[in-house]
Number of protein chains: 2
Amino acid sequence: MTPWLEPQQQRSWRALVDGAGRLVTHLDRHLRGAHGLSLAEYEVLVRLSELSDHQVHMSELAAGLSHSRARLSQTVDRLARAGLVTRLPCPQDRRGVHAALTPGGAAALRAAAADHVREVRRLVIDVLSDAELATVGTAMDKVRAAV
Amino acid sequence: MTPWLEPQQQRSWRALVDGAGRLVTHLDRHLRGAHGLSLAEYEVLVRLSELSDHQVHMSELAAGLSHSRARLSQTVDRLARAGLVTRLPCPQDRRGVHAALTPGGAAALRAAAADHVREVRRLVIDVLSDAELATVGTAMDKVRAAV
DNA sequence: CCCATGTAGTTGCACTGTCAACTATGTCGT
DNA sequence: ACGACATAGTTGACAGTGCAACTACATGGG
């Protein structure tokens with residue numbers, strides 16, 4: 001009774017939504033339980049750690065993570081309250097704010113990262129062949145571009 | 001500075017998380033805007049519509065959707081308030097409750113489904129080859145099993 | 001038969017996310 | 001130089017989710 005997809009397409013589609021959903025839920029719970037960080041907070045720390053000066057404009061950070069500015073603002077609030085990140089005014093643009101990783105934030109990330117990555121490997125990398133993983137990557141890039 | 005994955009793995013991994021996240025966010029907004037249904041509500045209606053008698057135990061429904069019972073209970077609350085679903089006591093087990101699709105719910109689903117499926121096609125099915133989609137499906141099934 | 005334990009479902013609370021409104025600042029056209 | 005409009009970021013109200021506690025019913029062992 002539902003106008004829908006062909007059975008094979010439907011199975012793949014549901015596997016994608018359900019699998020990705022469960023995966024993210026699991027990783028979030030794992031990080032919270034083991035390290036007191038939400039997945040969103042962890043991702044912010046990772047992005048900051050990848051930059052040479054460990055800081056960025058809030059907007060760039062939000063865009064890079066596909067989060068709304070409101071959401072990022074609140075995530076950074078929590079991280080700042082925990083002392084893992086600080087806000088710095090941007091000299092070139094007085095509207096702008098940089099989020100910067102603190103030493104404490106870098107330490108928290110180091111503590112969490114190995115454990116988190118182990119989980120990602122266990123649940124994704126290790127269960128897929130290289131070819132499968134690569135196909136998933138290019139496929140999801142196309143989807144991302146289409147959205 | 002982050003102990004992490006090989007670059008190629010990392011790209012695929014991020015494409016998966018980000019792509020799936022954006023996709024679901026988009027579909028949820030689309031459904032809300034066009035039909036006043038959240039994606040979670042829509043999925044409940046779809047599952048009910050697929051059953052011959054258009055009803056199930058709450059728990060089965062929750063399991064099928066990978067939602068907690070608490071979450072499903074509240075989603076069904078909203079659907080019931082909107083008249084799209086009703087709760088029926090289960091005769092065999094007096095603890096149990098069935099969620100049942102109402103005619104209004106079936107109508108709401110019919111109104112939303114074509115539009116929603118069109119969006120899924122546009123963003124996923126049409127941008128991927130059959131082989132890619134199939135690989136994504138089997139890959140995410142493996143991930144789902146691993147979680 | 002009864003008690004211990006398990007399961008179905010709901011509810012209250014805390015937390016996180018969305019949306020819209022708002023302040024402050026920057027930019028462009030005239 | 002000024003006003004209109006765009007952009008950066010934050011805030012407050014509200015919705016949805018997770019978790020833990022709770023009620024009600026079921027089931028299996030003594």
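Just so it is clear: chains get the letters A, B, ... in the order the sequence lines come, proteins before strands, and each one is counted from 1.
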- Task: Ignoring hydrogens and angles, tell me if any N or O in the side chain of B:D28 forms a donor-acceptor pair with the backbone of B:L39 under 3.5 Å.
- Result: yes
- Query: Between C:dC19 atom C1' and A:Q74 atom CD, what is the distance in whole Å?
  - Reply: 11 Å
- If you check the B:V97 side chain, which of D:dA26, C:dG9, D:dT7 turns out closest? C:dG9
- Message: Of the listed nucleotides (D:dT17, D:dA26, C:dT16), which one gets closest to any side-chain atom of A:R78?
- Response: C:dT16
- Query: Between C:dT11, C:dA20, C:dT10, which nucleotide has the shortest distance from any of its atoms to the side chain of A:A70?
  - Reply: C:dA20
- Closest-nucleotide ordering on DNA chain D, the 5'-leading residue of B:A40 and A:S59: A:S59
- Message: Judged by each residue's nearest nucleotide on DNA chain D, which is more toward the 5′ side, A:T25 or A:D77?
- Response: A:D77
- Assign B:R69 to base, sugar-phosphate, or nothing according to its heavy-atom contacts below 4.0 angstrom with the strands shown. base
- Task: Name the orientation class of the two ring planes belonging to A:H30 and A:H35 (parallel below 30°, tilted from 30 to 60°, perpendicular beyond 60°).
- Result: perpendicular
- Item | Shortest side-chain distance from A:T75, nucleotide among D:dT17, C:dG17, D:dC25 | C:dG17
- Item | OP1 or OP2 of C:dG9 under 4.0 Å from side-chain N/O of B:R87 | no
- Hey, are the side chains of B:S12 and A:V136 touching, using non-hydrogen atoms and a 4.5 Å cut-off? no
- Message: Rounded to whole Å, please give me the gap between CD in A:Q92 and P in C:dA24.
- Response: 22 Å
- Protein-nucleotide distance (A:L88, atom CG; D:dG9, atom C1'), rounded to Å: 15 Å
- Phosphate oxygens OP1/OP2 of D:dC19: is one of them under 4.0 Å from a side-chain N or O of A:R29? yes
- Integer-rounded Å distance: C:dA8 P and B:R95 CZ: 6 Å
- Item | Rounded distance (Å) that lies between atom C1' of D:dT17 and atom CG of A:D28 | 11 Å
- Note on the structure: With the side chain defined as heavy atoms from C-beta on, B:R94 is closest, among D:dT11, C:dT11, D:dA26, to D:dA26
- Query: Is B:L88 close to B:V97 at the side-chain level, that is, under 4.5 Å between some pair of heavy atoms?
  - Reply: no
- If you check the B:R32 side chain, which of D:dC19, D:dA26, D:dG16 turns out closest? D:dG16
- Tell me: NE2 of A:H67 to C1' of C:dT16, nearest whole Å? 11 Å
- Task: Take the protein atom CZ of B:R71 and the nucleotide atom C1' of C:dG12, then report the distance between them rounded to whole Å.
- Result: 19 Å
- Item | Integer-rounded Å distance: C:dG9 C1' and B:H57 NE2 | 12 Å
- Item | Minimum-distance nucleotide to B:S68 side chain [options: D:dT10, D:dG18, C:dT25] | D:dG18
- Query: What class does the angle between the rings of B:H98 and B:H57 fall in, given that below 30° is parallel, 30 to 60° is tilted and above 60° is perpendicular?
  - Reply: tilted
